[in-house]
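Have a look at the structure below before the remarks.
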Amino acid sequence: MDEQAEFLTMLALGEKSMLDGREWFNGHTVEERRDIVRQLAYYAAQAGARADDVEPSAREAGLKMTFTPVVMASKAPSAGHLTLLANLPEHELEKAFRLLVALFSMADARRYATYCADGCTHEWHRRRREHG
């Protein structure tokens, strides 16, 4: 797992705070932030994010349901659709980042509890088991 993937996983597992995450995210160039949003979109979709995860994820991220990234994600949280969040104007990227971290966290927690609790090969799930 590369350093960026490691950091994003730590955010999703709650090992890093969102304040740390926002500082880290905003320390990147605009194009790097777009790439991070794409990566998170892929992770959230792979973890099984669903449309009914968007509203609680938005609340967790401190975002209003009327914010553009939330509206877009609520339409269809598939990898192809969520990656479109990376094309938003620069001032919307942090909102997309916050939403996708929460969405990834929620979907992955469900995936862990449903499919992986008895064991799997996901490195981050091994950490989840170790840290309870």
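Because the structure is predicted, anything quoted here is derived from the model rather than measured. We're numbering straight along the sequence, starting at 1.
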Closest non-hydrogen contact found for Pro89 with Arg34 is C-NH2, 4.3 Å
Of all heavy-atom pairs between Met72 and His81, which one has the smallest distance, and what is that distance? O-NE2, 2.8 Å
If hydrophobic clusters are built by linking Ile, Leu, Val, Met, Phe, Trp and Tyr wherever their side-chain heavy atoms come under 4.5 Å apart, do Leu84 and Val30 end up in the same one? yes
In terms of heavy-atom contacts, Val54 and Val70 come closest through CG1-O, 3.8 Å
Is it true that Glu90 and Arg33 have a side-chain N and a carboxylate O under 4.0 angstrom from each other? yes
Minimum heavy-atom separation for Leu11 and Phe97, please, with both atom names. CD1-CZ, 3.6 Å
Below 4.5 Å, heavy atoms only, C-beta onward: do Leu82 and Leu103 meet side chain to side chain? yes
What are the two closest heavy atoms between Asp53 and Gly48, and how far apart are they? OD2-O, 4.1 Å
In sequence, state the C-alpha distance, the side-chain angles, and the governing distance for Thr29 and Glu32, and then conclude on side chain to side chain donor-acceptor pair (under 3.5 Å). CA-CA 5 Å; Thr29 67; Glu32 290 169 335; 3.3 Å; yes
Would a 4.5 Å heavy-atom cut-off, applied to side chains only, mark Phe25 and Val37 as touching? yes
Check: Ser105 side chain, Val101 main-chain N or O, donor-acceptor pair, under 3.5 Å: no
For the residue pair Ala61 and Arg98, what are the closest heavy atoms and their distance? O-NH2, 2.7 Å
Backbone N or O of Phe104 within a donor-acceptor pair of the Asp108 side chain at under 3.5 Å? no
Say whether, by atom type as modelled, one donor and one acceptor occur between the side chain of Arg111 and the main chain of Gln46 under 3.5 angstrom. yes
Near Gln39 CD, under 6.0 Å, is it more than 12 heavy atoms from other residues, nucleotides or ligands? yes
